[in-house]
Structure formats: C-alpha cells, structure tokens
Participant: 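Before I ask anything, here is the structure I am working with.
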Amino acid sequence: MNATPTGTAVTSPTRKVGLVTGGGSGIGRATAIEFARTGAAVAVLDIDEDAAAETTEMITKEGGEALSGRVDIGDEDSVRAAIQHTVAAYGGLDYAVNNAGLSSHFRQLDEMTAAEFEQVVHVNLTGTFLCMKYELPLLTGGGAIVNVASNGGVSVIPHAPAYVAAKHGVVGLSKAAAVDYAPAGIRVNALCPGPTRTPGFEKIAAGTPMIETLEAGTPLGRLALPQEAAAAAVWLCSDAASFITGVALSVDGGRLA
Ligand code: NAD
C-alpha cells in the first residue's frame with residue numbers, strides 16, 4: 001500500500017471535487033491548477049510524492065484548495081487507498097482526470113521484450129482501468145472522467161508500438177465506459193494531446209531534432225503547452241460539455257487533420 005495523501009481538507013457540500021493522477025508534472029500539474037482556479041478542491045496524486053506536494057503548494061499559494069498524495073496507478077491497492085483517502089478528505093468526487101502515463105521503450109516491435117511491452121500497457125491501460133474502477137462508483141451525482149490518451153490513441157506514432165496499443169486501449173476503454181455509465185449521468189471522454197512541451201516530453205526530445213521536426217508537421221506551427229491540454233481536460237469535465245461523452249478529443253494544433 002503506498003498512498004499517503006497529505007494536507008488539510010475543509011468539506012463543503014456545494015464545492016466540486018476533482019482528482020488528477022500524474023498531477024506532479026506537465027499536463028497533470030497544469031490540469032490540477034486549472035481545476036483549482038474553477039473553485040474545485042483538487043486531489044493531486046502522483047507516484048512522485050514530492051512533485052505532487054509541489055503542485056499542491058502552487059495551488060494553495062494562489063488561494064486554491066488541494067491535497068497531495070502518492071499513488072502508483074499500476075498498483076490496485078495504491079489506487080484504491082489514494083481514492084478512498086481523497087473521498088474521506090473531501091466527502092465525494094465529481095471529476096477525475098486520469099492522466100498519469102508512461103512514455104518509454106520507443107523502438108520497433110521485434111526489438112521489444114514482452115516485459116517491456118507489458119510494462120507500458122500495464123501502466124497506461126491497466127492503470128487507467130484501475131483508476132476508473134474505483135472512481136466510477138463514487139460519481140453518484142453524475143460527474144465526469146477524462147482519460148488522457150494521446151494522438152497515439154487514434155493514429156500512429158512511429159516506433160512506439162506498445163504506447164500506441166496502450167493509448168488506443170485507453171480510447172476504447174473510455175468509449176466503453178461512456179456508454180455503460182451514461183444512464184447514471186456520468187460522462188467519460190478521452191483527451192488526445194499531440195506533442196506537448198512538458199518536462200517528460202522535453203526529456204525525451206533533448207539532444208534530438210524532434211521538436212523542430214514535430215513543429216514542422218504541426219499546422220499551427222508550434223507544439224502545445226501543458227496548459228492548453230489542461231484547459232481542454234477541465235472543459236470536458238465542466239457543465240459546458242454536458243452533452244459530450246465517448247469522444248476522443250485531439251488537442252494537437254491540427255496535426256491529425
Ligand atoms: P510528465 O512526464 O511530464 O508527467 C507525468 C507524471 O506522471 C509525472 O509526475 C510522473 O511522476 C507521473 N507518473 C508516472 N507514472 C506514474 C504512475 N505509475 N502512477 C502515478 N503517477 C505516475 O508527462 P506528460 O507529458 O505531462 O504526460 C501526461 C500524460 O499525457 C501521459 O499519459 C502521456 O502519455 C500523455 N501525453 C503526453 C504528450 C506529450 O507530448 N507530453 C502527448 C500525448 C499524450
């Protein structure tokens with residue numbers, strides 16, 4: 001068991017509660033901050049506890065409300081405990097952005113071991129499944145889930161067979177849940193960012209011509225900022241998107257067009 005959310009919670013019956021996995025960096029951090037700006041209380045969960053706590057500090061400095069905790073989305077006990085702790089602290093759950101993911105092992109399929117393949121699929125796909133499994137029963141007042149997939153969830157990123165397979169799975173899982181839980185008033189969507197300048201992405205791109213190449217292939221002529229993906233995630237959760245469920249929304253500057 002490795003979920004140790006920290007922070008002070010003040011419950012209020014009207015305030016919305018959001019949860020973000022992978023909230024310690026990049027798109028997850030930007031989403032947590034954006035959620036808090038809408039007035040929601042936010043649980044920032046990450047395998048890197050210190051990074052999650054940093055995000056919480058950024059939110060509380062702006063006057064928002066947040067708690068942080070450690071979760072490994074690939075570990076069922078950890079997911080169950082972190083989500084239970086969030087609900088114990090805030091009294092419910094309205095939105096979840098399942099954003100944590102693993103981008104690694106970029107190589108041709110026949111050069112990949114089965115263990116590498118399974119690791120990428122386990123964290124990205126099974127991890128998203130585990131989060132949804134414990135979030136869905138808590139969304140008793142309706143609510144919304146956004147699963148962060150990728151352009152690789154609806155098209156192909158070369159030399160990333162496990163990631164592409166896993167992210168296609170995340171899109172499929174999101175659509176399946178959207179249909180099954182629509183009668184309960186719960187909306188489920190997938191967000192499909194194109195290349196986005198997060199710390200995780202910058203690490204992969206460092207020392208390569210990747211950024212220039214990707215910019216050249218993006219109609220808007222640049223890569224996304226984490227805040228641009230976050231704005232779409234928070235919008236998909238909001239009442240402004242009340243009739244949108246089961247979609248895979250690209251935030252990619254026109255790349256897939
Ligand atoms: P990032 O590396 O900047 O941040 C990812 C965060 O997730 C980190 O804080 C990390 O500690 C956390 N994390 C990793 N494994 C975890 C686990 N098992 N349990 C809990 N937390 C874990 O990444 P990012 O670029 O912001 O990516 C966020 C999501 O967006 C991922 O699902 C990624 O696949 C997807 N995405 C990113 C891009 C991009 O170009 N940045 C494009 C498409 C999709």
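Everything quoted here is computed from the prediction, not taken from an experiment. Order of appearance sets the numbers: ligands from 1, and atoms from 1 within every ligand.
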Participant: Looking only at non-hydrogen atoms, which of V148, T31, V71, V120 approaches atom 20 (C) of ligand 1 most closely?
Facilitator: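 Checking each option, the heavy atom nearest atom 20 (C) of ligand 1 is found in V71.
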Participant: Using a 3.5 Å cut-off and no angle test, enumerate the donor-acceptor pairs between side-chain atoms of residues 206-214 and protein atoms at least two apart in sequence or in another chain.
Facilitator:
residue	atom	partner	partner atom	Å
T208	OG1	A205	O	2.7
T208	OG1	M210	N	3.1
T213	OG1	P209	O	2.9

Participant: For T21 and N99, indicate whether the former's side chain and the latter's backbone hold a donor-acceptor pair under 3.5 Å.
Facilitator: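 Pair found, side chain donor or acceptor close to backbone of N99.
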Participant: Between D46, L191, V79, which one has a non-hydrogen atom sitting closest to atom 9 (O) of ligand 1?
Facilitator: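 Looking at heavy atoms only, D46 sits closest to atom 9 (O) of ligand 1.
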Participant: Which one holds for K167 and ligand 1: side chain close, backbone close, both close, or neither close, with close meaning a heavy atom under 4.0 Å?
Facilitator: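 Looking at K167 and ligand 1, just side chain atoms fall under 4.0 Å.
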Participant: Would you check if L93 and E135 make a side-chain contact, meaning some heavy-atom pair closer than 4.5 Å?
Facilitator: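 Yes, at least one pair of side-chain atoms sits under 4.5 Å.
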Participant: Can a non-hydrogen atom of A149 be found less than 4.0 Å from any atom of ligand 1?
Facilitator: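 Contact present.
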Participant: Under 3.5 Å, sequence neighbours excluded: what are the donor-acceptor pairs made by side chains of residues 139-150?
Facilitator:
residue	atom	partner	partner atom	Å
N147	OD1	N98	ND2	2.9
N147	ND2	S174	OG	3.0
S150	OG	G152	N	2.8

Participant: Taking only heavy atoms of Y163, which atoms of ligand 1 are found under 4.0 Å from at least one of them?
Facilitator: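 Ligand 1 atoms under the 4.0 Å threshold to Y163: 33 (C), 34 (O), 35 (C), 36 (N), 43 (C), 44 (C).
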Participant: Taking atom 2 (O) of ligand 1 as the point of reference, which of G200, A233, G127, G26 owns the nearest heavy atom?
Facilitator: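 Closest candidate by heavy-atom distance is G200.
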Participant: So which of L102, I47, I73 gets nearest to atom 13 (N) of ligand 1, if we judge by its closest heavy atom?
Facilitator: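 Comparing heavy atoms across L102, I47, I73, the nearest one to atom 13 (N) of ligand 1 lies in I47.
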Participant: Does atom OH of Y181 have more than 12 heavy-atom neighbours from other groups under 6.0 Å away?
Facilitator: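 It does not: Y181 OH has 12 such atoms or fewer within range.
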Participant: Should A224 be listed as contacting ligand 1, given a heavy-atom distance under 4.0 Å as the test?
Facilitator: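 No; A224 lies far enough from ligand 1 that no heavy-atom distance drops under 4.0 Å.
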Participant: Please verify whether a non-hydrogen atom of T21 lies at under 4.0 Å from ligand 1.
Facilitator: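 The answer is no: ligand 1 sits nowhere under 4.0 Å from a heavy atom of T21.
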